[in-house]
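Each residue takes its place number in the sequence, starting with 1. Please read these numbers as outputs of a predicted model, since none were measured by experiment.
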Amino acid sequence: MLTQRCPTARYGREGIMQQLLETAKLTRGKSQPCSVCTRQAPAALVSVMAFRWSIILVALIARQADVLGKSFNSFAGPWIGYVDRFYLCEEPNHPLPWRWHLRGTHFNPQKPTELQLLTGNMTFEKEPLDDSTWIKVLMAVWTNNQWKENSFIFHFKDKGCTAIKENMAGFYEIFFKKTETQGACIIKPGVYEVNNAPINWNNPNVPVMMYGRYRQKLFAGKKDKVNQCLVAELRAIPKLAYSQGP
């Protein structure tokens with residue numbers, strides 16, 4: 001797997017998150033795995049390998065606790081995703097051909113299993129987003145009252161359409177499923193609209209997540225050309241902390 005050099009070593013909560021992402025095996029099906037920013041850990045931290053498996057074990061135990069109607073308090077585990085803000089990161093007066101204008105409903109702690117509703121549109125001009133598209137995601141983590149930039153980096157050198165379909169399944173479902181082309185993954189030029197559409201943000205390839213706030217910058221394009229710069233500020237909320245039982 002291709003890796004990118006990290007500017008600094010991250011062995012705290014973020015280091016554990018990196019281990020969780022590796023455990024989840026974020027891949028693109030039959031295509032090559034995405035590049036994830038990694039750094040070799042010193043020998044003293046080999047124990048993190050064992051710890052990541054303990055996280056999974058704790059999550060399984062927590063699932064039993066949830067059946068019994070008990071809360072589970074941790075900093076990582078099964079999660080519910082909610083997006084607080086959507087916006088663009090393109091340069092002023094230089095609009096890119098692939099854009100979004102979206103808003104979502106707020107998280108309701110009284111109805112934690114209720115899906116977020118999404119309203120707005122995605123616009124694709126000039127050329128389609130297909131599997132000749134590359135995607136790069138820069139993820140910042142909110143910590144100590146500020147964003148820690150580039151905490152995680154994901155780079156899909158190609159198969160961009162398939163990457164969206166497999167890792168943002170809920171998003172693909174409500175926007176592009178109805179117009180997909182059989183036998184090929186391609187999002188054709190046009191305006192795709194939704195109105196109060198329920199969306200599940202969870203990624204089936206990442207069943208375990210560190211809880212908290214994230215900011216994702218999503219770049220995509222073809223060859224050396226950038227066609228989009230989108231930003232989503234989101235939260236990963238504990239799923240097992242909410243019991244549906246009495």
Sidechain-backbone polar pair: Gln116 side chain, Val83 backbone, donor-acceptor under 3.5 Å: yes
Asn202: partners by side-chain contact (heavy atoms from CB on, under 4.5 Å), with sequence neighbours left out: Trp79, Asn200
4.5 Å side-chain heavy-atom contact, Cys161 and Ile187: yes
Cluster check Leu115, Tyr172: I/L/V/M/F/W/Y, side chain < 4.5 angstrom: no
Cluster check Met168, Val206: I/L/V/M/F/W/Y, side chain < 4.5 angstrom: yes
Min side-chain heavy-atom separation Lys159-Glu166 under 4.5 Å: no
Cluster overlap Leu138 with Val226, hydrophobic side-chain contacts below 4.5 Å: yes
Qualifying side chain to side chain donor-acceptor pair (under 3.5 Å) pairs, either residue in residues 96-112, two or more places apart: Glu90-Arg99
Check: Thr162 main-chain N/O paired with Asp131 side-chain donor or acceptor under 3.5 Å: yes
Same apolar cluster (I L V M F W Y, side chains within < 4.5 Å links), Trp147/Phe86: no
side-chain contact (heavy atoms from CB on, under 4.5 Å) against Asn196, all qualifying residues, sequence neighbours excluded: Leu117, Thr119
Pair listing, disulfide bond (SG atoms under 2.5 Å apart) test, anchored in residues 85-141, at least two apart: Cys89-Cys229
Minimum side-chain heavy-atom gap Val191-Thr123 below 4.5 Å: yes
Same cluster (ILVMFWY, side-chain, under 4.5 Å), Phe176 and Ile186: no
Contact check, side chains of Phe107 and Asp84, non-hydrogen atoms, under 4.5 Å: no
Qualifying salt bridge (charged side-chain N to carboxylate O under 4.0 Å, His left out) pairs with a residue from residues 191-219, counting only residues at least two apart or across chains: Glu149-Arg215
Other cluster members, Val231 - Ile/Leu/Val/Met/Phe/Trp/Tyr, side-chain contacts below 4.5 Å: Tyr87
